[in-house]
Amino acid sequence: MSYWALNAVFLGAVAVIGCLALVAGRRRGGLPWASVALAGALLLVTTAIFDNLMIGVGLVGYDPAKISGAFIGIAPLEDFAYPVAAVLLLPSLWILLGRRRDERR
């Protein structure tokens with residue numbers, strides 16, 4: 001299984017949860033998407049820095065047959081799916097689960 005196929009499973013689940021959060025968020029006042037975008041940009045930059053450092057010192061390696069061959073520095077592009085998933089999943093879960101406490105008050 002390639003890293004993109006593995007990422008597709010997780011990103012698909014995140015997409016479903018994100019769509020549910022968009023629907024729920026419209027009813028509850030939404031989310032500050034500019035803040036989410038800023039957090040996402042910072043997370044992608046730090047991922048690029050630290051992934052390149054970890055790969056550069058030999059802490060992490062990848063099977064060349066399972067990666068796409070596209071890189072940011074020496075980090076495979078597939079590595080960036082995880083921060084994208086986190087940036088979308090956490091605010092989505094916050095909308096779906098976190099605001100209920102506020103509504104009970």
Side-chain angles (χ1 to χ4, degrees):
M1 175 181 274
S2 72
Y3 292 113
W4 276 123
L6 183 62
N7 288 343
V9 172
F10 291 105
L11 290 174
V14 168
V16 169
I17 293 169
C19 289
L20 292 172
L22 281 174
V23 171
R26 289 182 186 205
R27 287 188 233 145
R28 297 183 188 151
L31 188 70
W33 288 108
S35 299
V36 172
L38 177 62
L42 292 172
L43 191 55
L44 287 171
V45 168
T46 56
T47 298
I49 292 168
F50 289 108
D51 278 11
N52 278 283
L53 287 173
M54 288 188 299
I55 294 165
V57 299
L59 186 62
V60 179
Y62 295 92
D63 181 354
K66 294 183 179 178
I67 59 175
S68 66
F71 296 92
I72 295 178
I74 56 175
L77 193 58
E78 291 91 326
D79 267 2
F80 294 87
Y82 302 108
V84 168
V87 164
L88 297 175
L89 182 63
L90 293 176
S92 296
L93 290 174
W94 183 75
I95 287 173
L96 292 172
L97 304 174
R99 291 229 180 145
R100 288 187 183 147
R101 275 187 259 142
D102 293 340
E103 291 173 357
R104 282 187 233 149
R105 289 184 187 168

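Residue numbers count from 1 along this sequence.
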Worksheet item: Same cluster for Met54 and Ile74 if Ile/Leu/Val/Met/Phe/Trp/Tyr side chains link at under 4.5 Å?
Response: yes
Worksheet item: So which residues get pulled into Val9's cluster when ILVMFWY side chains under 4.5 Å apart are joined, directly or through others?
Response: none
Response to the item:
Of all heavy-atom pairs linking Leu44 and Phe80, the shortest is O-CE2, 3.7 Å
Worksheet item: Linking Ile, Leu, Val, Met, Phe, Trp and Tyr through side-chain heavy atoms less than 4.5 Å apart, which residues share a cluster with Leu11?
Response: none
Discussion item. Grouping I, L, V, M, F, W and Y whenever their side-chain heavy atoms are under 4.5 Å apart, do Val45 and Phe50 come out in a common cluster?
Written reply: yes
Worksheet item: Do Val60 and Val57 share a hydrophobic cluster, counting only Ile, Leu, Val, Met, Phe, Trp and Tyr and linking them when any side-chain heavy atoms are less than 4.5 Å apart?
Response: yes
Worksheet item: Where is the tightest heavy-atom contact between Ile55 and Ala75, given as atom of each residue plus distance?
Response: CD1-CA, 3.6 Å
When the side chains of residues 64-72 are checked against the rest of the protein, which donor-acceptor pairs come out under 3.5 Å, sequence neighbours left out?
from	atom 1	to	atom 2	distance (Å)
Ser68	OG	Ala70	N	3.2
Ser68	OG	Glu78	OE1	3.4
Ser68	OG	Glu78	OE2	3.3

Fill in: Cluster link Tyr3 to Leu77, ILVMFWY, side chain under 4.5 Å
no
Fill in: For Leu42, the rest of its hydrophobic cluster, which grows through side-chain links under 4.5 angstrom
Leu38
Worksheet entry | Hydrophobic cluster identity match, Val16 and Phe10, side-chain contacts under 4.5 Å | no
Worksheet item: So which pairs with a foot in residues 42-62 pass side chain to side chain donor-acceptor pair (under 3.5 Å), sequence neighbours left out?
Response: Tyr62-Asp79
Worksheet item: Heavy atoms, side chains only, cut-off 4.5 Å: are Ser92 and Leu22 in contact?
Response: no
Worksheet item: Which pairs with one or both residues in residues 7-25 pass side chain to side chain donor-acceptor pair (under 3.5 Å), sequence neighbours excluded?
Response: Asn7-Tyr82
Item to complete: Identify the heavy atoms of Val87 and Gly40 that sit nearest to each other, and give their distance.
Response: CG2-CA, 3.5 Å
